[in-house]
Amino acid sequence: MKKTLLSSAVKSAIGFSAAALIMPGAVYAQESGDAAQELEEVMVTGSRIQKANLVSSSPVTQIGAEDIQVGGITRVEDLLNDLPQVAASNSSGDANGATGTATLNLRNLGTVRTLVLVNGRRLPAGSPVGGGTGSDLNQIPAALIKRVEMLTGGASSTYGSDAVAGVANFIMVDDFEGVEVNYQHSFYQHKNDNAYMQGLNAANGFTAPTGSVSDGHTDDFSLIIGGNFDDGKGNVTAYATYREIDPVKQEGRDYSNCALNNSISACGGSSTLPTGRFTDFGTALKGDGNGGFVLGTDGNPLAGAGDSFDLITQGNEFVDRNGLLYNYAPANFYQRPDERYTAGVFARYEVNDKAEFYAELNFMDDQTNAQIAPSGAFFVTSTLPCGNPLLSEQQFQAVCGANGLTKDQTQNVFIGRRNVEGGFRNQDIRHTSFRGVFGLRGDLNETWSYDMYYSYSEVSYEGTYNNELSTTRIGRALDAVTDANGNTVCRSVVDGSDPNCVPWNVFQTGGVTQAQINYLQIPLFDRGTTDQKVISAFVAGDLGDYDIKMPAADNGIQVAVGLEYRKDNLDYNPDLNYQSGDGVGQGGPIPAVEGGFEVKEIYGEISIPLVEGREFAEELTLDLGYRYSDYSTDVDTDTYKVALGWAPSTDFKVRGSYQKAVRHANVRELFRPQSITLYDMDADPCAGATPTATLEQCARTGVTAGQYGSIADSPAGQYNQLSGGNPDLNPESSETVSYGFIWTPEFADGLTVTVDYYNIEITDAIDSISPETTLNQCLNTGDDQFCSLVNRGPVSGTLWLGTDNIVATNINIGFVETEGLDFTFEYEFDVADLGSVAIMNNGNFVLKYDQEEYPGAGIESCEGTWGGACGAPTHDFKNNLRVTWHTPWDLSLSSTFRHTAEIEAKSSTQLDLGARTYWDLGAIYQLNEETTFRAGVQNVLDREPPFANGGPSIFGNGNTFPGTYDALGRYIFLGATMSF
């Protein structure tokens, strides 16, 4: 649809140049001389009112197709995570606990608080699994992106729930003519020459990689076919893409080849050994009443045992294994393999001068694999029959005989035995999505236009977890007896409770057979879907046609009124092995989740030009918005916005806004049953031989005097929490204040400067009190509100064995406030006969990131920190600077500098993350009208990431944060586009 705008209306764009579109800025119109000009109607992200001549009242960051091409981007999240306004979340660098999705996290306020749109319409929840409910960016093919607009802060009055942190709107190519074929190959290259890290590996007997490596190869194909028909009344744009990404293992980098300890001073690892660790955790039954042993089978101990361990060659005796850890890192994926297909159609057809039909059909199938170290018996059994016939005499004496027990008795023994014979654990993850949009839009008359549509989106998930061990079968396989024929069999075979049981011979080097592995290993299956239905309609009009306008304004008041119905469902179905918690490495039972809700909404917006074309008031415009939402959960909400834009002159504009936004709890937050999951903590203050907390403090958490000083700490830094949903959750609410200016001076044509302040405050945040906070509050205060949530093991006293846990279910209790400054600088100028140069800078200062877990807890300042209650890194300064030379020889050369400031560790046992500046180079060469080549290198200097032992719950992997930093070295790409 097109309209003719008078030159006077065009001039009200206040002279903003095209540069204002690159970073936070305006949707604008440019005039051609004094003549009237035809312009496409423009929908500004953050408003339903169509206005081509007004600057957005809130900061809008925009990324164009050229940014994607010059960066060689095949994964959309890689582009967005580099932006100063975005924090990393689910990405291809996740392995342990990976959801298989890629999500967007604006302002580090969480993926569920960032609303993702395609052409102004919602994407559904990306996955039914925990941690995957944010919209999956894998559904969006990079080759089809025309631009991305990201609006800061609340936008619930325009788009409804979830737009607390902001909105990302992906505008897709939907009016293509011709045929376009695109191919790109990319890979990573790194030189392993970190002497310090190689020294740590060597000190533990590990062989770290050396020299140059090339890996992580990616092939990306796309095909776009489009054309007009019926004399231009209609257009169909169809696309198909294919992407294949090779894996990178942590053994490919010297800085990730071993799992580092918190201080990065030595290789750490897991207490569960391939040769087995047999310990009483201080609870052994002994004649003198004192326990304490850590034993292991002999044979070839793990590399890293050191010369202090004597090798006993018989292979069936126990030797001291205290202090020995297993390096689980090498086989873990640093980049997951991935294979993705997408296909779709964008179509439109002008039925008549008042109605245009449009449709969007999008399909994606994405398969990935998350590989981590082999499973094992992670100390899930607490007793061992002294008469187990697989025990050698020496082993019997070491565990039972020396403690006054006979073969008819049972000893307290916890076994940590890594299942290296059974192969690595890996999870096949597949998401298949379909999205269909069918709409009708047009002009009712010269004043009023309308848009109404129906959309249906569905994501189907399939997960298969391979090479896991069964907790139940481990217990049965370790309970071996001698049958009537003198054979060693499981007790469950004799009593008939499990005739298929095979005894597990973890007591002798080389004693594990394939038959034992086949019995112990179980696959885990989970399936699920998310779906979303939306029915939406609105009308927008210019009341100036009725001469309804302010006395000092030339343009009339613009309004938009709309209705929307939305229904979200989630259905997650793990198998019985998941739900029972029988998978030994899963951290506890994983329950099924099923539920949904619907919402009916009415909203309106009004844009009032107050003053125009006056001295010191080229433009003064007031924007108002309101939305009422009625949820099927017996909750109703009101959201609104007030925004003001003032241009005292043609080259300077001030803007400010206040917005109240809400987020209704999602299905998982409402309906997920309570279950045991894992969380990260540096150490249990009540564990170890010399606890950091006193006996009096620890007693408040359930520690007995006999346990104090002998509780085993988790060597992996992972502990159990009881988490789950809450159907009585209220919506969380937020208030966003933003104000700033846009300056486009007349004396410097092509220069644009923007500065915007924002403050986002979230109250009644849907969250849970972190288990570490609960533990510390109980230790320090003895308040039963916290102490009642700590459930230590009655025998072990731990917080990580079996079902020992701290309760951390969802409640409306959190508070988060962040404020900062976004600033951009863009200047494009000609260089005589050498073309032109464009300088673009996009930066962000986080001035505050405060959170309070519960009222009265005290404010935790997280800006520029990571770890502890703050979790993943929150940068207090990020900046991107790009300089592009558009030569007169159809060649564009770009140089980009990406900078992130230093991050301070919250915990005294962790290290700070050093500042990083990455240098990127890119080139685009147009050979002719049909063929374009592009090539480039990101992280030209092969800068290594800062090192930290960040756990998977905060997106850490491979001793760093892969989504935040360039974890794999140089990224090199070469691509070509051919058009016909």
Passing candidate, side chain to side chain contact (heavy atoms under 4.5 Å, CB included) with L644, options L620, T621, D623, V654: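 Output: one option passes, namely L620.
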Just to verify, which of K600, E598, K567 counts as forming a side chain to side chain contact (heavy atoms under 4.5 Å, CB included) with S632? E598
Output the distance between atom [atom1] ([X]) and atom [atom2] ([Y]), rounded to the nearest 0.5 Å.
{"X": "L80", "Y": "L137", "atom1": "CG", "atom2": "CG", "answer": "6.0 Å"}
{"X": "Y603", "Y": "T639", "atom1": "OH", "atom2": "OG1", "answer": "11.5 Å"}
{"X": "E605", "Y": "Q558", "atom1": "CD", "atom2": "CD", "answer": "11.0 Å"}
{"X": "I760", "Y": "R113", "atom1": "CD1", "atom2": "CZ", "answer": "10.5 Å"}
{"X": "R627", "Y": "T158", "atom1": "CZ", "atom2": "OG1", "answer": "7.0 Å"}
{"X": "R430", "Y": "R340", "atom1": "CZ", "atom2": "CZ", "answer": "14.5 Å"}

Would you say [Y] and [X] are linked by a side-chain donor-acceptor pair, where the criterion is simply a distance under 3.5 Å?
{"X": "N812", "Y": "E732", "value": "no"}
{"X": "D764", "Y": "N730", "value": "no"}
{"X": "D175", "Y": "N235", "value": "no"}
{"X": "D230", "Y": "Y349", "value": "yes"}
{"X": "S89", "Y": "T103", "value": "yes"}
{"X": "N842", "Y": "Q85", "value": "yes"}
{"X": "E669", "Y": "N810", "value": "no"}
{"X": "D451", "Y": "Y358", "value": "yes"}
{"X": "Y456", "Y": "E458", "value": "yes"}
{"X": "Y572", "Y": "E594", "value": "no"}
{"X": "T633", "Y": "H664", "value": "yes"}
{"X": "N105", "Y": "T111", "value": "no"}
{"X": "N362", "Y": "Y239", "value": "yes"}
{"X": "S127", "Y": "T99", "value": "no"}
{"X": "T432", "Y": "D365", "value": "yes"}
{"X": "N573", "Y": "D571", "value": "yes"}
{"X": "T824", "Y": "D822", "value": "no"}

So which heavy atom on [X] is nearest to which on [Y], and how close?
{"X": "A168", "Y": "L104", "answer": "CB-CD2, 3.3 Å"}
{"X": "G436", "Y": "L361", "answer": "CA-CD2, 4.0 Å"}
{"X": "V236", "Y": "A347", "answer": "CG2-CB, 4.1 Å"}
{"X": "V116", "Y": "I140", "answer": "CG1-CD1, 4.5 Å"}
{"X": "L106", "Y": "T114", "answer": "N-OG1, 3.1 Å"}
{"X": "T241", "Y": "S222", "answer": "CG2-CB, 3.7 Å"}

Backbone of [Y] reached by a side-chain donor or acceptor of [X] within 3.5 Å:
{"X": "E761", "Y": "V816", "result": "no"}
{"X": "N352", "Y": "A355", "result": "yes"}
{"X": "N81", "Y": "E77", "result": "yes"}
{"X": "N445", "Y": "W448", "result": "yes"}

Beyond-backbone contact of [X] with [Y], side-chain heavy atoms, under 4.5 angstrom:
{"X": "N169", "Y": "V148", "answer": "no"}
{"X": "S536", "Y": "L563", "answer": "no"}
{"X": "V599", "Y": "D630", "answer": "no"}
{"X": "R668", "Y": "L570", "answer": "yes"}
{"X": "V534", "Y": "E564", "answer": "yes"}
{"X": "V561", "Y": "F538", "answer": "no"}
{"X": "P141", "Y": "M172", "answer": "yes"}
{"X": "Y628", "Y": "D636", "answer": "yes"}

Going through the checks in order, is the salt bridge (Lys or Arg N to Asp or Glu O under 4.0 Å) test met by E149 and R147? CA-CA 7 Å; E149 297 174 351; R147 66 182 185 274; 2.8 Å; yes
If you apply the rule side chain to side chain donor-acceptor pair (under 3.5 Å), what do you find for Q659 with T736, and how did you get there? CA-CA 5 Å; Q659 303 190 53; T736 299; over 6 Å; no
Salt-bridge contact R122-D162 (side-chain N to carboxylate O under 4.0 Å): yes
Using a strict threshold of under 4.0 Å (side-chain N to carboxylate O), is an ion pair present between R655 and D756?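 So D756 pairs with R655 through a salt bridge.
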Determine, step by step, whether Y461 and T101 satisfy the side chain to side chain contact (heavy atoms under 4.5 Å, CB included) criterion, reporting the C-alpha distance in whole Å, the side-chain angles of both residues, the deciding distance to 0.1 Å, and the verdict. CA-CA 11 Å; Y461 163 81; T101 62; over 6 Å; no
Start with the C-alpha gap between Y631 and R566, add the side-chain angles, then the distance that decides, and say whether side chain to side chain contact (heavy atoms under 4.5 Å, CB included) holds. CA-CA 10 Å; Y631 290 89; R566 187 171 68 255; 4.1 Å; yes
I'd like to know whether L440 forms a side chain to side chain contact (heavy atoms under 4.5 Å, CB included) with E356, so could you lay out the CA-CA distance, the side-chain angles of the two residues, the decisive distance to 0.1 Å, and finally the verdict. CA-CA 6 Å; L440 197 66; E356 180 182 69; 5.9 Å; no
Got a sec: does the CZ of F671 have more than 12 other heavy atoms crowding it under 6.0 Å?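 Yes, CZ of F671 has more than 12 neighbouring heavy atoms, counting only those of other groups under 6.0 Å.
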For K146, does the NZ atom sit with more than 12 other heavy atoms under 6.0 Å from it, leaving out its own atoms? yes
List the steps, then state whether side chain to side chain contact (heavy atoms under 4.5 Å, CB included) holds for I608 with M550. CA-CA 8 Å; I608 308 172; M550 304 303 292; 3.6 Å; yes
